[in-house]
Undergrad: 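Following this message is one structure expressed as structure tokens.
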Amino acid sequence: MSGHSGLTFRSDYFGDPAAFRALADLLEATFDIDITILHRLGGPDPTSVAFAWFDDTGACIANISAFSLPLVIDGVLVRAAGLQSGAVRPSHRGRGLYRDVMQKALVHCDAEGFEAVALLTDTPDLYRRYGFRPLVQHRFSGAAPQGGHGSAVRRLDIGVNRDTEVISRLIDGRAPVSDHFAPLRQREMFLFNAALAPDVNLDLLEKHGAVVAWRAGEDGGFELLDVVGSNIPDLADILASLAISPSRVRVHFSPDRLAWDGVAVPDEGDMVLMLRSAKEVAPQKPFALSPMAEF
């Protein structure tokens, strides 16, 4: 299928190794990330559908990909999609290619009956024309809780297959980490984000059957990024199990299931979470998308 001179449109090409490699080259050149890491982590999200233009040498010129992103928002399951891997080579910008793949992706999402479409961007004004609106995210900060009950902990290594299998199994059966706002499943992005962040610790709390993603904060602080399991342990039990007594705690998602309250502080990061929906589905209380679910 052709349209733009010298270019060919392709969709749903993730099963073609050469085309996937071409997408990886585009994203590495644009964002300096290597998505081929996904192959050793079990492969790309099988729900992904790509919308892309290729030139006659096989190079990926423009792309955006849609994937299933089920969300819990204020206790309600929302059948949502996410958009990621949006990029255009500098040599072909200004020709309407990105607008074309965006429109094709949104037509696909609407045809599939998704109730909402989400994306992360550092250029939010670009997406307002497509009906996306920004959502203010928060981080939650406060004193560390005391009196928790510790349990056995095993450190997991994202480079070890059996550990990756444990994480994958828990993600596939996970409970939402928050009832205010949380994605379900998202195994591929959790593993990918863990592989890109060597400072993130992945500890299995064996009694709870939950993996805690965390890192040390500044000045003796503790940063909780995500909790994966069918049960979400209290924050006090997490700290007791890890045998740490931080000066402060910072949680990167709404802590409503942690038996702990922190002060909600608006996130001042460059990336903006945006949502497009026919009806209002935004969370009513402060929230954040876990860094381990960023896409």
Side-chain angles (χ1 to χ4, degrees), residues 4 6-69 81-102 104-105 108 117-124 126-127 157-159 161 164 167-168 183 186-200 202 213 215 225 269-274 289-295:
H4 294 271
L7 301 179
T8 301
F9 177 77
R10 296 187 64 181
S11 185
D12 202 11
Y13 61 80
F14 276 17
D16 179 341
F20 188 82
R21 177 68 256 183
L23 171 63
D25 290 343
L26 171 63
L27 298 181
E28 187 162 14
T30 305
F31 303 115
D32 195 26
I33 58 171
D34 180 10
I35 65 168
T36 63
I37 295 171
L38 287 166
H39 289 309
R40 70 172 178 82
L41 298 173
D45 188 331
T47 70
S48 293
V49 180
F51 304 86
W53 288 94
F54 290 78
D55 70 11
D56 56 8
T57 71
C60 186
I61 300 301
N63 182 90
I64 198 158
S65 303
F67 64 99
S68 176
L69 179 66
L83 297 181
Q84 63 182 175
S85 304
V88 182
R89 290 197 178 275
S91 59
H92 287 73
R93 291 174 184 166
R95 294 171 53 179
L97 291 169
Y98 195 64
R99 180 173 64 252
D100 180 78
V101 293
M102 271 294 301
K104 285 178 166 64
H108 162 80
V117 183
L119 58 80
L120 283 165
T121 180
D122 60 356
T123 55
L126 175 65
Y127 296 96
D157 185 341
I158 198 70
N161 286 340
T164 301
I167 297 170
S168 297
Q186 299 310 304
R187 169 165 45 92
E188 294 78 14
M189 291 317 303
F190 185 99
L191 297 176
F192 184 68
N193 286 321
L196 294 180
D199 64 330
V200 173
L202 301 174
R215 64 184 170 216
L225 307 181
D270 293 333
M271 300 304 289
V272 177
L273 178 64
M274 304 191 78
L289 176 70
S290 160
M292 305 305 293
E294 290 180 352
F295 51 92

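Remember, predicted model here, so these are calculated numbers, not experimental data.
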Undergrad: Please lay out, stage by stage, how Q84 and M189 fare under the test side chain to side chain contact (heavy atoms under 4.5 Å, CB included).
TA: CA-CA 11 Å; Q84 63 182 175; M189 291 317 303; 3.7 Å; yes
Undergrad: Would you indicate whether R99, at its atom CZ, is surrounded by more than 12 heavy atoms from other residues, nucleotides or ligands within a distance under 6.0 Å?
TA: no
Undergrad: Is the backbone of E294 close enough, under 3.5 Å, to the side chain of N193 for a donor and an acceptor to pair up by distance?
TA: yes
Undergrad: Side chain to side chain contact (heavy atoms under 4.5 Å, CB included) between I61 and L7: does it pass, once the steps are laid out?
TA: CA-CA 8 Å; I61 300 301; L7 301 179; 3.9 Å; yes
Undergrad: So, for R40 and A195, which heavy atoms are closest and what is the spacing to 0.1 Å?
TA: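 Minimum heavy-atom separation between R40 and A195: NH2-CB, 4.1 Å.
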Undergrad: Does S168 reach the side chain of L191, with side-chain heavy atoms less than 4.5 Å apart?
TA: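 Yes, side chains in contact.
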Undergrad: Tell me, do P183 and L289 make a side-chain contact under 4.5 Å, heavy atoms counted?
TA: yes
Undergrad: Check this for me: does any side-chain nitrogen of one of D16 and R10 sit under 4.0 Å from a carboxylate oxygen of the other?
TA: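 Salt bridge: yes.
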Undergrad: Do F9 and K104 make a side-chain contact, defined as non-hydrogen atoms from C-beta onward lying under 4.5 Å apart?
TA: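 In contact.
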Undergrad: Can V101 and V88 be said to form a side chain to side chain contact (heavy atoms under 4.5 Å, CB included), step by step?
TA: CA-CA 10 Å; V101 293; V88 182; 6.0 Å; no
Undergrad: Taking atom CG of D199 as the centre, does the number of heavy atoms from other residues, nucleotides or ligands within less than 6.0 Å exceed 12?
TA: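 More than 12 heavy atoms, drawn from other residues, nucleotides or ligands, come within 6.0 Å of this atom.
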Undergrad: Would you find a donor on one side and an acceptor on the other, under 3.5 Å apart, between the side chain of S290 and the backbone of L225?
TA: yes
Undergrad: Please check: side-chain N/O of T47 versus main-chain N/O of F67, any donor-acceptor pairing under 3.5 Å?
TA: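 Between the backbone of F67 and the side chain of T47 there is no qualifying donor-acceptor contact (under 3.5 Å).
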Undergrad: So how far is it from F20 CZ to T36 OG1, rounded to the nearest 0.5 Å?
TA: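 Answer rounded to 0.5 Å: 7.5 Å.
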Undergrad: How close do L202 and A213 get, heavy atom to heavy atom, and via which atoms?
TA: CD2-CB, 3.8 Å
Undergrad: Any non-hydrogen side-chain atom of E188 less than 4.5 Å from a side-chain atom of L41?
TA: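 No, side chains not in contact.
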Undergrad: If you round to the nearest 0.5 Å, how far is CG of L83 from CG of L120?
TA: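 Between L120 CG and L83 CG, I get 10.5 Å after rounding to 0.5 Å.
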Undergrad: Report yes or no: does N63 contribute a side-chain atom to a donor-acceptor pair with the main-chain N or O of A50 at less than 3.5 Å?
TA: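 Such a contact is absent between N63 side chain and A50 backbone.
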Undergrad: So which heavy atom on R89 is nearest to which on C60, and how close?
TA: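 In this case the closest contact between R89 and C60 is NE-O, 3.0 Å.
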Undergrad: Measure across P17 and G15 and return the closest heavy-atom pair with its distance rounded to 0.1 Å.
TA: CD-O, 3.3 Å
Undergrad: Assess whether side chain to side chain contact (heavy atoms under 4.5 Å, CB included) is satisfied between D100 and F51, documenting all intermediate values.
TA: CA-CA 9 Å; D100 180 78; F51 304 86; over 6 Å; no
Undergrad: Enter the distance from Y127:OH to T121:OG1 here, rounded to the nearest 0.5 Å.
TA: 4.5 Å
Undergrad: Indicate the atoms forming the closest heavy-atom contact of G86 with F31, along with that distance.
TA: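 That closest heavy-atom pairing would be O-CZ, 3.3 Å.
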Undergrad: For the atom pair CD1 (I35) and OG (S65), what is the distance rounded to the nearest 0.5 Å?
TA: 7.5 Å
Undergrad: Drop me the distance from F192's CZ to I158's CD1, to the nearest 0.5 angstrom.
TA: 11.5 Å
Undergrad: Is there a donor-acceptor pair closer than 3.5 Å between any side-chain N or O of E28 and the backbone N or O of L23?
TA: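 The answer is no, because no donor-acceptor pair under 3.5 Å joins these two groups.
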Undergrad: What are the two closest non-hydrogen atoms of F295 and G82, and how far apart are they?
TA: CE1-CA, 4.3 Å
